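Computed from a predicted model, the values in this text were never measured in an experiment.
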Amino acid sequence: MAPNSPTSTYKLASGHEIPVIGFGVYQMPPGITKETVLKALHSGYRHIDTAKLYRNEAECGAAIRQFMKETGTPRSDIYYTTKIWLDDLRGGYDTTKMAIKKQLDLANIEYIDLFLIHAPLASSKDRAGAWKALEEAVEEGKVRSLGVSNYGIHHLKQLLDSHPKVKPSVGQYELHPWLVHQDIIDFGVENGIVMEAYSPLAKGLRLNDALLKPLVQKYSKSSAQILLRWSIQKGLVPLVKSSTESRLKENLEIFDFELEDGDMKKLTTDEYFVTGWDPTTAGLEGN
């Protein structure tokens, strides 16, 4: 059964739950991040996705704290994700250990719900060391769940074959009808990994695509809403981004309709349309 509201959740391998839609802050200037995240939270989002690379973790944390104070919302009702960037990953255990503390201090929100390795672009040894540091953060109560971003199946297999104390709960990828990565989705499902979709709107580059036009008419929804609904029905967790209040609300209005099976199939193409990068193709030594 498909989720029926933005506060619906998926149960993770860690035992914790993740909201089925998230709000991302990639390339959002720190100067507007706090205000925009506050708008998102007031609009109904309960899942905030940031990273060291984005340079706005402190602002995200400040927005969460302010929202909690204004509304009485408990910390447990807001889901916060951040990521280990390559400069720390490539130092392995020691630099990742320091990064976790710094990033938690920046956010200043008690604990991090989900910590991801941003990409597999480091040696096998350094990835293993970084994962060990993340596992220790879980044991210490600083982090609740772990995951990866942009890992290929070979990277995922290597991690799982190492019999980690804490298994990955989430995999985050660029996913939309023109970059489906169905093999990775299937592998994730088989191994209890919930799959998140960043750039679920293909950065707006395909909003006028011929595939979408008849569906916009048929369902009386925008192209963006059709694409987000596709993600939801694929069992993905889409991460949306906007600083406009009307768009923030529009992106949540995707739980009152359902795409027919035939339309889901039409929307699932075999194109390979990457809007950013695709480290899933990197070798096991990060090259």
TODO: Step by step, work out the side chain to side chain donor-acceptor pair (under 3.5 Å) result for Tyr26 and Asp49.
DONE: CA-CA 8 Å; Tyr26 174 58; Asp49 179 274; over 6 Å; no
Task: Pairs meeting criterion salt bridge (charged side-chain N to carboxylate O under 4.0 Å, His left out) with involvement of residues 162-183, two or more places apart - done: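 Qualifying pairs: Glu139-Lys165.
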Cluster overlap [X] with [Y], hydrophobic side-chain contacts below 4.5 Å:
X      : Y      : value
Ile226 : Leu248 : yes
Ile232 : Val189 : yes
Tyr198 : Ile185 : yes
Ile32  : Ile48  : yes
Val138 : Met98  : no

For the backbone of [Y] and the side chain of [X], can you confirm whether one donor and one acceptor N or O come within less than 3.5 Å of each other?
X      : Y      : result
His154 : Ala282 : yes
His155 : Gly283 : yes
Gln225 : Glu250 : yes
Arg127 : Arg90  : no
Asn56  : Pro29  : no
Gln233 : Leu259 : yes
Asp209 : Leu211 : yes
Ser199 : Ala202 : no
Thr244 : Ser246 : no
Trp131 : Ile117 : no

Scan side-chain atoms only and decide if [X] and [Y] contain a donor-acceptor pair under the 3.5 Å cut-off.
X      : Y      : value
His42  : Glu245 : no
Lys34  : Gln66  : yes
Trp230 : Thr268 : yes
Glu285 : Ser124 : yes
Glu17  : Tyr79  : no
Thr73  : Asp77  : no
Thr7   : Ser5   : yes

- [ ] Begin from the C-alpha positions of Lys97 and Glu140 and carry the test salt bridge (Lys or Arg N to Asp or Glu O under 4.0 Å) through to its verdict.
- [x] CA-CA 12 Å; Lys97 190 88 173 170; Glu140 294 161 3; 3.4 Å; yes
TODO: Check whether any side-chain heavy atom of Leu160 lies under 4.5 Å from a side-chain heavy atom of Phe187, and answer yes or no.
DONE: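 Touching, per the 4.5 Å side-chain cut-off.
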Task: Close side-chain approach of Leu175 to Glu196, heavy-atom, < 4.5 Å - done: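 They are not in side-chain contact.
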Out of curiosity, [X] [atom1] to [Y] [atom2], how far, rounded to the nearest 0.5 Å?
X      : Y      : atom1 : atom2 : result
Leu267 : Leu212 : CG    : CG    : 6.0 Å
Arg229 : Asp263 : CZ    : CG    : 12.5 Å
Cys60  : Ile78  : SG    : CD1   : 11.5 Å
Arg75  : Tyr80  : CZ    : OH    : 9.0 Å
Thr33  : Leu38  : OG1   : CG    : 11.0 Å
Ser223 : Lys213 : OG    : NZ    : 9.0 Å

Nearest non-hydrogen partners of [X] and [Y], listed with the distance:
X      : Y      : value
Leu89  : Ala119 : CD2-O, 3.1 Å
Lys83  : Tyr54  : NZ-OH, 3.4 Å
Ser169 : Ser14  : OG-N, 3.2 Å

- [ ] Would you please test Ile184 and Met195 for side chain to side chain contact (heavy atoms under 4.5 Å, CB included) and show each step?
- [x] CA-CA 9 Å; Ile184 299 177; Met195 307 304 273; 3.7 Å; yes
Using a strict cut-off of less than 4.0 Å between a Lys/Arg side-chain nitrogen and an Asp/Glu carboxylate oxygen, indicate whether [X] and [Y] qualify as a salt bridge.
X      : Y      : result
Asp113 : Arg46  : no
Glu110 : Arg144 : no
Lys52  : Glu57  : no
Asp261 : Lys265 : no
Lys102 : Asp88  : no
Lys221 : Asp256 : yes

TODO: Mark yes or no: Lys142 above the aromatic ring of Tyr111, with NZ or CZ under 6.0 Å from the six-membered ring centre and no more than 45 degrees from the axis.
DONE: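 Here Lys142 fails the 6.0 Å and 45° test against Tyr111.
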Open item on the list: If we check side-chain contact (heavy atoms from CB on, under 4.5 Å) with Pro3, which of these qualifies: Val20, Ile254, Ile21?
Closed with: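 With Pro3 as partner, side-chain contact (heavy atoms from CB on, under 4.5 Å) holds for just one option, Val20.
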TODO: Decide yes or no on side chain to side chain contact (heavy atoms under 4.5 Å, CB included) for Trp178 and Thr275, but give the supporting numbers first.
DONE: CA-CA 10 Å; Trp178 304 278; Thr275 67; over 6 Å; no
Task: Distance flag, aromatic centroids of His47 and Phe23, threshold under 6.0 Å - done: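 Between His47 and Phe23, which both carry aromatic rings, the centre distance is not below 6.0 Å.
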